[in-house]
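Accompanying notes for the structure given below.
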Amino acid sequence: MDKIKMTTPLVEMDGDEMTRILWNMIKEELIQPFVELKTEYYDLGLENRDRTGDQVTVDAAEATKKYGVAVKCATITPNAARMDEYHLKEMWKSPNGTIRALLDGTVFRAPVLVKGIEPYVKTWKKPITLARHAYGDVYKASEMAIPGPGKVELLYTAEDGSTRSELLHQFKGAGIVQGMHNLDSSIESFARSCFQFALDTRQDLWFAAKDTISKKYDHHFKDVFEEVYEKEYKARFTEAGITYFYTLIDDAIARVIKSEGGFIWACKNYDGDVMSDMVATAFGSLAMMTSVLVSPQGYYEYEAAHGTVQRHYYQHLKGEETSTNPIATIFAWTGAFRKRGELDRLPELMRFADLLEQASLETIESGRMTKDLALITELTEVTVMNSGEFIRAIRSELEKLLG
């Protein structure tokens, strides 16, 4: 068959460790034989980020603004151990945080449901979509180690030179301090993205924060959501027969566990990071969750929501077999292809994305799967495959579907 042609490139952001290995396997087996792939490539592997002073991450985000759709591999956010391991010049910030700060918007994450993999939470019958704010908070924070006694203040200097300050803490000894910020424009975009997504999918929307403790920071999020809802969306929600409500995040967690699913749960940046991992794992596996950053300017960045699978990478370097689940990375590519096809009016590219997802799920439902799924499946006849075998099995199913 002729390869499917693309007209506009995707922004391709390569990553680290085992997910980087899977990235190349997916391209070689599931994409390049069928699609005349056009990408603008950026290597966001930690070595190259260090080599470029992390400029490559900024360049990738700017390219996403140019082309509109990006697909990203999982990347390392270095800590002290990684500094030593990779001999880094600097402890670079989260590349996801950098990209999200430049693109703004909201990250929507939803589990991939497949027959034979049942949620650990037995009440869950429908997907739970996490809507995660994608700007600021701890991901753009400034931090300082405090060497000894003294005071730390928050200081605001207005353009006219006037100042306001507030004592953060009077230190009697050594400690640490962190300063976070956010923007009204970004919080408003976050709110509108959540409300619009709820309308588009006809699902109830929850927003959860901790305004009883954070009486200014979190309370401001709550107020912005309420104002946007009352002015712009309340009547439309009523007409659609869906609801919006705010609750404390600890209450939301209790409600989520008792729910049937089938709603959108909006969270601030860090809360969304943690809760999306919890939801993905409870539905079966971190490797079975889709993730897309949607910017109010119309930029889309698709990625796997999990990490770089460090343990499997070390096994791979020793020449050992690994059974690493590639589904989230495959679905990052399919999401990007579907959006690219939609924007460029390429129905054959959209159909390819649909069929690749179908082939992936049918492979699992036939009993062929990676070890993480084999450990939790309710299917009785299971063949555990290594990463390469599983991807090749998906290719076989895809070729049948393509006819």
Side-chain angles (χ1 to χ4, degrees), residues 77 79 93-94 96-97 100-101 104-109 121 128-146 149-156 163-195 198 204-230 243-259 263-282:
T77 299
N79 55 16
K93 290 191 175 183
S94 161
N96 289 333
R100 291 165 189 160
D104 200 0
T106 302
V107 177
F108 292 98
R109 290 180 171 172
V121 181
I128 297 170
T129 300
L130 262 292
R132 172 187 172 187
H133 190 209
Y135 178 82
D137 296 354
V138 69
Y139 299 87
K140 290 288 287 182
S142 295
E143 301 174 319
M144 182 186 297
I146 305 303
K151 66 178 180 179
V152 175
E153 294 179 301
L154 288 174
L155 174 66
Y156 165 68
T163 63
R164 288 173 54 192
S165 66
E166 184 167 331
L167 178 66
L168 184 64
H169 189 69
Q170 185 75 46
F171 282 86
K172 295 180 180 179
I176 51 174
V177 67
Q178 181 183 78
M180 301 193 312
H181 78 280
N182 226 293
L183 307 173
D184 278 12
S185 58
S186 183
I187 301 170
E188 289 166 5
S189 293
F190 172 41
R192 291 190 178 97
S193 294
C194 293
F195 289 130
D204 292 342
L205 173 66
W206 307 7
F207 175 50
K210 193 68 173 176
D211 65 295
T212 51
I213 302 300
S214 180
K215 298 182 185 298
K216 292 183 180 176
Y217 200 99
D218 280 27
H219 207 295
H220 192 64
F221 274 80
K222 175 185 176 183
D223 290 343
V224 169
F225 260 73
E226 188 65 29
E227 183 177 348
V228 171
Y229 176 67
E230 291 290 336
T243 60
Y244 162 70
F245 70 89
Y246 170 84
T247 187
L248 294 174
I249 191 162
D250 40 347
D251 177 57
I253 291 168
R255 290 180 182 228
V256 165
I257 296 301
K258 294 178 180 178
S259 76
F263 56 87
I264 302 159
W265 181 11
C267 293
K268 290 165 60 237
N269 207 343
Y270 177 77
D271 298 339
D273 189 0
V274 176
M275 292 301 114
S276 62
D277 280 3
M278 183 272 288
V279 168
T281 303

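Throughout, residue positions are numbered sequentially from 1 according to the sequence presented. Here the structure is a predicted model, which is why all the values come from computation and not from measurement. All heavy atoms count here, side chains included; hydrogens, waters and symmetry mates do not.
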Discussion item. For a side-chain contact (heavy atoms from CB on, under 4.5 Å) check, start with the C-alpha distance between E188 and V224, then their side-chain angles and the critical distance, and finish with the verdict.
Written reply: CA-CA 6 Å; E188 289 166 5; V224 169; 3.7 Å; yes
Worksheet item: Would R109 and D273 satisfy side-chain contact (heavy atoms from CB on, under 4.5 Å), going step by step from the backbone distance to the final call?
Response: CA-CA 10 Å; R109 290 180 171 172; D273 189 0; 4.3 Å; yes
Discussion item. Does S193 form a side-chain contact (heavy atoms from CB on, under 4.5 Å) with F108? I'd like the steps, not just the answer.
Written reply: CA-CA 10 Å; S193 294; F108 292 98; 4.2 Å; yes
Discussion item. Please evaluate residues F190 and Y135 with respect to the criterion ring-ring contact (aromatic ring centres under 6.0 Å, His included), reporting the C-alpha separation (whole Å), side-chain torsions for both, the decisive distance (0.1 Å), and the verdict.
Written reply: CA-CA 9 Å; F190 172 41; Y135 178 82; over 10 Å; no
Worksheet item: After noting the C-alpha distance and the side-chain angles of V107 and R100, does the key distance pass the side-chain contact (heavy atoms from CB on, under 4.5 Å) rule?
Response: CA-CA 9 Å; V107 177; R100 291 165 189 160; 3.7 Å; yes
Discussion item. The test is ring-ring contact (aromatic ring centres under 6.0 Å, His included); show your working for F195 and Y229 and say whether it passes.
Written reply: CA-CA 8 Å; F195 289 130; Y229 176 67; 5.5 Å; yes
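Here OG of S185 is found 6.5 Å from CG of D104. Values are rounded to the nearest 0.5 Å. The structure places CZ of F245 at 12.5 Å from CZ of F207, a figure rounded to the nearest 0.5 Å. Atom NE2 in H219 sits 12.0 Å away from atom CD1 in I213 (nearest 0.5 Å). Atom-to-atom distance recorded for H169:NE2 and E153:CD is 13.0 Å, nearest 0.5 angstrom. Atom OG1 in T77 sits 6.5 Å away from atom CG in N96 (nearest 0.5 Å). Distance check: I187 CD1 to S189 OG gives 10.0 Å after rounding to the nearest 0.5 Å.
In plain terms, the two heavy atoms of G173 and I146 that are nearest each other are O-CG2, 4.5 Å. For W265 against A252, the heavy-atom pair with the smallest separation is NE1-CB, 3.9 Å. The two atoms that bring S165 and L155 nearest to each other are CB-CD1, 4.2 Å, heavy atoms only. For the residue pair A141 and K93, the shortest heavy atom distance occurs at O-NZ, 3.2 Å. Nearest heavy-atom pair across I264 and A131 is CG2-CB, 3.9 Å. Residues K172 and P149 come closest through the heavy atom pair O-CG, 3.4 Å.
Taking the side chain as every heavy atom from C-beta outward, Y244 and E226 approach each other to under 4.5 Å. You'll find the side chain of H181 reaches within 4.5 Å of the side chain of K140, heavy atoms only. Contact annotation: the side chain of W206 approaches that of R255 to within less than 4.5 Å [non-hydrogen atoms, C-beta and beyond]. Side-chain atoms of I253 and M275, non-hydrogen and from C-beta on, do get closer than 4.5 Å to each other.
Formation of a donor-acceptor pair under 3.5 Å by the S214 side chain with backbone atoms of K216 is not found in this model. Distance alone, capped at 3.5 Å, places no donor-acceptor pair between the D204 side chain and the F263 backbone. Looking only at distances, no side-chain donor or acceptor of D218 sits under 3.5 Å from a matching main-chain atom of A209. Of the possible polar contacts, none joining the K268 side chain to the A208 backbone as a donor-acceptor pair under 3.5 Å is found.
Each of L130, T129, T281 was evaluated against S276; a single residue qualifies, L130, per the side-chain contact (heavy atoms from CB on, under 4.5 Å) test.
Every side-chain hydrogen bond (donor to acceptor under 3.5 Å, both in side chains) that D184 has, sequence neighbours left out, goes to H220.
Annotation: I176, atom CD1; neighbour count of heavy atoms from other residues, nucleotides and ligands within 6.0 Å does not exceed 12.
In summary, the side chains of H133 and T106 do not present any donor paired with an acceptor at a separation below 3.5 Å, with no hydrogens or angles considered. Side-chain N/O atoms of Y217 and D211 include no donor and acceptor closer than 3.5 Å.
A salt bridge does not link K210 to D271: none of the charged nitrogens lies less than 4.0 Å from a carboxylate oxygen.
In this structure, K151 is not positioned above the aromatic face of F171 in the sense of NZ or CZ being under 6.0 Å from the six-membered ring centre and within 45° of the axis.
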